Amino acid sequence: MTVAELPLLTCEGPVGFSSFAEQSVQKCLNRDFFFNVMCIGDTGIGKSTLINSLFNRDFPKKSNTHFEKSVSIQEHQEVLVDRNVRLHLKIIDTCGYGDQLNTESSSDILVKYVEDQFEKYLEEELRIKRNLKDFPDPRVHVCLYFINPTGHGLRPLDVITMKKLHDKVNLLPIIAKADTITKQDLEKFKQKILKDMKENGIEHYEFPVDDVSNKELVAENSTANQSLPFAVVGSNEKINGERVRVYPWGTVNVENSDHCDFTLMRESVILRNLDDLVVTAKEKHYENFRKRRLPKMGYVAETDKNLSFSESLERERARVTADLHRREEDMRATFIKRVKDKETELTTAESQLTAKYNKLKGELEIKKLELEDERQKLEVKKMEFERAQEEKRRALEEAASNSPGSTGTLRGKKK
């Protein structure tokens with residue numbers, strides 16, 4: 001018989017456990033609450049400004065440029081008090097996101113951070129002497145993903161990052177700087193974003209609508225779900241106590257529902273569903289991480305609950321050893337294959353070089369024979385030319401010696 005099938009019995013008189021709820025409420029008021037907000041978006045898109053507007057406080061912020069070499073995580077913690085309720089707020093900023101030419105590793109850095117926070121909580125949970133009551137919860141409770149108001153849908157970087165994060169955090173997409181786009185274009189842009197997310201299998205956080213005991217909350221959450229992604233505007237400028245953005249053409253009131261979805265977002269996230277975000281992060285995303293992580297640490301699944309811890313460790317050791325042997329064999333086979341492929345490649349290259357060498361050598365021999373033939377012909381021509389020159393010289397000498405005029409002249413001179 002399950003718990004739901006047990007009969008309900010009414011006590012004949014007051015017992016006292018009716019104050020159980022009041023006791024729980026009082027204990028809750030005496031302890032601190034933790035809420036961690038992760039903001040993902042390009043530098044200068046208005047992440048810090050929106051957080052200041054959400055919590056109505058100007059938090060200190062380190063200035064960032066567009067020249068970060070990689071994405072870095074900055075954490076800022078504050079303790080806020082609202083009607084005697086203490087909230088430990090952690091703001092997680094992603095500096096340099098989207099500023100690099102190569103953004104392949106940007107999403108991996110964010111995923112690693114989220115899982116590292118799960119790992120920290122799991123380590124504390126598995127300690128023999130643990131203190132989860134006073135342990136500051138490091139898990140990300142909501143991820144605000146800031147989308148550029150381009151009107152053209154999601155960028156590839158947006159799709160990749162949200163696809164890796166949507167099953168690890170409560171992903172809440174929002175359109176930043178919504179005052180830079182008209183209402184007509186804004187509605188079309190929202191539909192494009194939702195279409196892109198659906199086509200890529202990206203699920204965003206939805207406010208709960210299953211509480212049948214609170215119809216007003218269900219109606220408000222339904223309205224909020226229909227307005228996703230929220231189109232918001234943030235501002236650090238105040239006029240008469242209200243956050244506004246002043247332009248030459250007019251003034252945008254951040255908290256005016258006709259101007260943007262800021263008020264709807266703040267009431268949906270902080271006023272009505274803050275606890276649901278924390279519970280969902282714990283019972284859904286953290287539990288999924290825990291189910292993936294514990295078997296790797298040697299903890300047995302529910303189907304193997306009859307095994308002792310030492311037996312489970314031994315089984316895990318055997319599995320890891322077998323896996324290592326398999327990987328070693330795969331690496332050896334891969335290495336041998338690469339060596340053989342390289343040998344074949346070198347043999348082919350050697351054969352090609354040998355063939356090319358022999359071809360060039362044959363061409364060189366032919367060229368040498370041709371040059372030798374040309375040299376011999378030139379030698380013959382040279383000898384014939386020298387012979388002709390010698391004959392011509394002798395002919396001239398004989399002609400000069402046999403000439404009469406030349407002899408008489410010589411005799412006259414002797415007398």
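Just so you know, these numbers come straight off a predicted model, no measurement behind them.
Remark: the Glu75 side chain and the Tyr113 side chain contain an N/O donor-acceptor pair separated by less than 3.5 Å. A side-chain donor-acceptor contact under 3.5 Å links Asp211 and Ser213. Side chain to side chain, His88 and Asp32 meet the donor-acceptor criterion of an N or O pair below 3.5 Å. No side-chain donor from either of Asn36 and Asp137 sits under 3.5 Å from a side-chain acceptor of the other. Under 3.5 Å, the side chains of Asp167 and Asn288 contain no donor-acceptor pair of N or O atoms. Counted by atom type alone, Asp185 and Thr182 present one or more donor-acceptor pairs between their side chains at under 3.5 Å. Using modelled atom types, one finds a donor on one side chain and an acceptor on the other under 3.5 Å when comparing Glu125 with Tyr286.
Listed by first then second residue, pairs satisfying side-chain hydrogen bond (donor to acceptor under 3.5 Å, both in side chains) with a partner in residues 127-136 read Glu124-Arg127, Asn131-Asp134, not counting sequence neighbours. Residue pairs satisfying the ring-ring contact (aromatic ring centres under 6.0 Å, His included) criterion with at least one member in residues 136-181, sequence neighbours excluded, are listed as follows: Phe35-His141.
In this structure, the side chain of Asp158 does not engage the main chain of Leu154 through any donor-acceptor pair within 3.5 Å. Here the side chain of His285 pairs a donor or acceptor atom with the backbone of Val169 at under 3.5 angstrom. Between the Asn256 side chain and the Asp258 main chain, a donor and an acceptor come within less than 3.5 Å of each other.
Residues satisfying the salt bridge (charged side-chain N to carboxylate O under 4.0 Å, His left out) criterion with Lys190, sequence neighbours excluded, are Asp261. Under the salt bridge (charged side-chain N to carboxylate O under 4.0 Å, His left out) criterion, Asp82 pairs with no residue at all, not counting sequence neighbours. Under the rule for a side chain to side chain contact (heavy atoms under 4.5 Å, CB included), the partners of Lys342 that lie at least two apart in sequence or sit in another chain are Glu345, Leu346. Qualifying salt bridge (charged side-chain N to carboxylate O under 4.0 Å, His left out) partners for Glu329, counting only residues two or more places apart in sequence or in other chains: Arg332. With sequence neighbours excluded, the residues satisfying ring pair (Phe, Tyr, Trp, His ring centres under 6.0 Å) with Phe289 are Phe118. Qualifying ring pair (Phe, Tyr, Trp, His ring centres under 6.0 Å) partners for His76, counting only residues two or more places apart in sequence or in other chains: none. Judged as a side chain to side chain donor-acceptor pair (under 3.5 Å), and not counting sequence neighbours, Lys382 has no contacts. The ring pair (Phe, Tyr, Trp, His ring centres under 6.0 Å) search around Tyr247 returns Trp249, not counting sequence neighbours. Here Glu391 pairs with Arg387 under the side chain to side chain contact (heavy atoms under 4.5 Å, CB included) rule; sequence neighbours left out. Residues passing the ring pair (Phe, Tyr, Trp, His ring centres under 6.0 Å) test with Phe207 are Tyr205, sequence neighbours excluded.
Atoms CZ and CG, from Arg266 and Leu50 in turn, are 10.5 Å apart once rounded to the nearest 0.5 Å. For the atom pair CG (Asp179) and OG (Ser235), the distance works out to 9.5 Å, reported to the nearest 0.5 Å.
For Arg327, the CZ atom is loosely surrounded, since the number of other residues' heavy atoms within 6.0 Å does not exceed 12.
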Margin query: Pair Glu397, Arg393 - check salt bridge (Lys or Arg N to Asp or Glu O under 4.0 Å), show working.
Written below: CA-CA 6 Å; Glu397 288 179 353; Arg393 183 182 62 78; 2.7 Å; yes

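The two residues Ser106 and Val71 make their nearest non-hydrogen contact at OG-CG2, 3.5 Å.
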